[in-house]
Number of protein chains: 2
Amino acid sequence: MPPERHRRRTQRASGPVPRAVGPVSRLPSPAGAGYFARHTVTALAAELRAGRVSPQDLAEQALAEAARLEPELNAFVTLDAAGARAAARRAAEELAAGVDRGPLHGIPVAVKDVVDTAGLRTTMGSRHFADRVPDRDATCVRRLRTAGAVIIGKTATHEFAYGPTGDRAANGATRNPYRPDRMTGGSSSGSAAVVAAGVVPASVGTDTGGSVRIPAALCGVVGLKPSHGAVPLDGVYPVAPSLDTVGPLARTAADCRLLWHVLSGRTATGPGGARRVGWIPPDVIHPAWPQVADTAMRCLAGGGFAVEEVTVPGAAALARAYHTIQSSEVYAVHADRMATAADLYDEEVAERLRGAARVRGWEYVRARDLRERSRDAITALLRGHDLLALPTVPITAPPLGARRTDGVPDVRTALLALTSPWSVLGLPAVSVPAGLVDGLPVGLQLVGPAGGEDLLLAVAQELYDATPETDLSVPSPH
Amino acid sequence: MPPERHRRRTQRASGPVPRAVGPVSRLPSPAGAGYFARHTVTALAAELRAGRVSPQDLAEQALAEAARLEPELNAFVTLDAAGARAAARRAAEELAAGVDRGPLHGIPVAVKDVVDTAGLRTTMGSRHFADRVPDRDATCVRRLRTAGAVIIGKTATHEFAYGPTGDRAANGATRNPYRPDRMTGGSSSGSAAVVAAGVVPASVGTDTGGSVRIPAALCGVVGLKPSHGAVPLDGVYPVAPSLDTVGPLARTAADCRLLWHVLSGRTATGPGGARRVGWIPPDVIHPAWPQVADTAMRCLAGGGFAVEEVTVPGAAALARAYHTIQSSEVYAVHADRMATAADLYDEEVAERLRGAARVRGWEYVRARDLRERSRDAITALLRGHDLLALPTVPITAPPLGARRTDGVPDVRTALLALTSPWSVLGLPAVSVPAGLVDGLPVGLQLVGPAGGEDLLLAVAQELYDATPETDLSVPSPH
């Protein structure tokens, strides 16, 4: 690519290229957000086919936004300008030749750095794998490429995707686009930050106990955790295999759905007309909570659904079972490495792994038994309601590095409290932006029956369509 | 039932009633063995239908043999004379009315005391449940009753079926019919002893890591561990649910097969013509081993199969995985009881449970992972061979209470070494009597693919049919 072309693209990095397609989130974008904060995949796909923008334009735009915002966000482990440009050129040639791979064709995306990309460094956010270059794509990456997506780089992750805060990794903490002194949440920290900041319109993360949903909520984007098993895990570094999933993040649920279909290899099914929503009232109390819950509930109320309060018996026990299951499985992955190279881990990650090693076998067995028993109870609950709703995270983004704050005795436990039960059950869940509290995003979480991803994403989009932008920002009491 | 009738039956307890149908095992029976050591289920079924014997005759015979031999064997926890007589009377009435429930109709059987029998005490061999009377039959018991079998009592078990020695239980050790100073093996100690001693022609046991096969081998009877999941486990007290199975014991493989079909609810399938057998050579060395292996191999060689030596990579690792899986699962069953009533356990059982509690979650996860990986390797091995063969137990019955002997540093580990790997894999396996070493029985173990029970039992019966009685008894070197 000729240097002047590169420069030209770079120069218009934060300007409208080629034109605004309208706001794509009801949340006000973070200050200084890039081009893709204002352009949905759906709209860009139309622009591409109308010839008003090229895959190369979009790739250059994404690379330029990444370069501009990276000092603030620290959201990428690796940018792949050369690979992105080559993929964009191929996408353009194909479109010109009449080969249309669908809505992701020519769209820049970013992929979490625990997912293998052939020929492109994949580090797990760790020093152990700082120089590792896989020779094969993960199946989900292959599917993205087959759909014509242009991968511009690998996004930051909490080290080994083992942590919901997103601020411990070989390459340092990722910062929240809404406030750089706050955490993004994790572990898919970079994938959420780059979408929120408008560097790319969509990204891929992984979610074990909330690792897509938590940063999606704290960064104000849409994130889907699919049903366990719905997206192949080969080439994805494991956290806890019985919990791990791969899921998309985007500015809108409609865009998320486009990625979901590609990642899962499924075709769209009808939304199914969800009308009965079970609202799970909060049982976690601390200062930020009432505003967070109110914001999430107001977002839900805007959808015109029949909302009924429900209780999920044993949700707290499921969150504890999550810890037991995850701990046992994650240490099984890391035991040998902890024995030989413990010093290469981030100190906090290593300490948490040592704690994980102490969980007993019989506790793991009981946690798995609870999982099986609880599935029946939830299945019954989901017969009476099309989906369940609750806040994604009971708090807004805590300060970077914080492990306890005023009223939050354990930040990690709080972050995971409302997402991890659904992970234990293997159910799909989506986090959608519900509004701002003190200028920080709040997520509404929708949970559905196994295989209910399309339903969840359709409802999420309905909520978005139904909610006027001005309603969502809750004034700060301070 | 009139008392004189009872007395009459009792008096002929050790005599031929109504006539001998020929030897039913190639092994010499233990000294003083009862009536059913000489009569197969198959032969008795014909006698019943010819009217030469009645269900009541057989029930009384079994009750009388039990009464006669119990002081020596300690093989029953509960005898149910009243229930057995009532069931025998019903069986007789039905036969008289032309209702024929199949080959078990009117046949006396005994059931391990971890399997629920409605209205009949079921203790798990423990003090915790010394007075427990279930109100429902286990499914496998219901199937036996539906097939017309007459349950004469509940057989001794290692406490909570947690131990391969069969000599620790609230009601004391069961003794080997071949030598009362030797253990039966366990945990289905009573079920093996009563068949070996001719108290009943068949019985039901449970097998978690060898609990049917080990006592079958040490007591010289046939015992089948079915594929995991083949017989319902409801109403069966768990040891380790991912390993537990229910299986039959009998003097011949043909009889075992009759019970297997009833317990599993399956109908017979053709034997499939097994011809290629993989012999797994011993890798456990101690004084008794060469004779035990020779005896098992000579039994196999008599069958006229194409026998080829094979190695099972990682069998020792599977035996270790067995310990990890079983420990984690068994403590999950007993944790609450250990917290509140540890003093009611047999001392050794409690101590072993405390050890089981110390297994780590990540070790359990790795053991389950090994199980999954090994399944593929064994499936490949079983594509080249119809079945695998090896000794059931590398030693003959150790002295009662022995935990180490000359050359056997750990009796429990030795007993389980060759049976537990197949339990981890969920494969069916049968132990058939192969001969005597120093007057004590040796078992040959046949292992097949999942669902291969009929094949195994057909091959076991072929071996029996092909082997002259005198060939099997290996002279003692002492």
Side-chain angles (χ1 to χ4, degrees), chain A residues 160 162 208-209 228-229 233-234 237-244 317 320-340 342 345 349-376 423-424, chain B residues 160 162 208-209 228-229 233-234 237-244 317 320-340 342 345 349-376 423-424:
Chain A
F160 285 109
Y162 182 50
T208 300
H228 186 254
L233 291 169
D234 69 273
Y237 202 84
V239 179
S242 83
L243 298 158
D244 291 344
R320 289 192 297 274
Y322 170 78
H323 180 262
T324 301
I325 293 171
Q326 189 220 26
S327 295
S328 300
E329 297 187 6
V330 76
Y331 201 79
V333 172
H334 288 276
D336 299 335
R337 193 174 298 113
M338 282 292 286
T340 58
Y345 286 90
V349 168
E351 191 47 40
R352 289 180 58 224
L353 284 170
R354 284 185 203 100
R358 288 192 288 269
V359 169
R360 301 302 177 100
W362 66 274
E363 296 172 317
Y364 179 79
V365 168
R366 287 202 162 183
R368 303 257 324 202
D369 288 348
L370 177 70
R371 164 189 278 179
E372 295 312 316
R373 288 198 308 278
S374 302
R375 275 197 178 123
D376 298 338
S423 297
V424 172
Chain B
F160 286 109
Y162 182 50
T208 300
H228 186 254
L233 292 170
D234 69 273
Y237 202 84
V239 179
S242 84
L243 298 157
D244 291 344
R320 288 192 298 275
Y322 170 77
H323 179 261
T324 301
I325 293 172
Q326 189 220 26
S327 295
S328 300
E329 297 186 7
V330 76
Y331 201 79
V333 172
H334 288 276
D336 299 334
R337 194 174 297 113
M338 282 291 286
T340 58
Y345 286 90
V349 167
E351 191 47 42
R352 289 180 58 225
L353 283 170
R354 283 186 204 101
R358 288 191 287 269
V359 169
R360 302 302 177 100
W362 67 274
E363 296 173 316
Y364 179 80
V365 168
R366 286 203 162 180
R368 302 259 321 205
D369 287 349
L370 177 70
R371 163 190 279 179
E372 295 311 316
R373 289 198 307 279
S374 302
R375 276 198 176 122
D376 297 339
S423 297
V424 172

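Letters go in sequence order (proteins before strands), and every chain restarts at 1. Note that the structure is a prediction, hence the values are computed from the model and not measured.
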Answer key: most heavy-atom pairs under 4.5 Å with chain B among A:His334, A:Arg358, A:Glu363 is A:Arg358

Looking only at A:Ser328, A:Ser327, A:Pro241, A:Ser242, most heavy-atom pairs under 4.5 Å shared with chain B are made by A:Ser328

Most heavy-atom pairs under 4.5 Å with chain A, out of B:Thr324, B:Asp369, B:Asp336, B:Ile325, belong to B:Asp336

For A:Ala332 and B:Trp362, the nearest pair of non-hydrogen atoms, with its separation, is N-CB, 3.5 Å

In short, A:Arg360 meets B:Ala357 closest at the heavy-atom pair NH1-O, 3.0 Å

Next item on the list: Please say whether more than 12 non-hydrogen atoms of neighbouring residues, nucleotides or ligands are located less than 6.0 Å from NE2 in A:His323.
Entry: no

Cut-off 4.5 Å, heavy atoms of chain B, and the answer for A:Glu329 is both

So, the part of B:Tyr331 with a heavy atom under 4.5 Å from chain A: the answer is both

Rounded to the nearest 0.5 Å, the OH atom of B:Tyr364 sits from the CZ atom of A:Arg368 at a distance of 7.0 Å

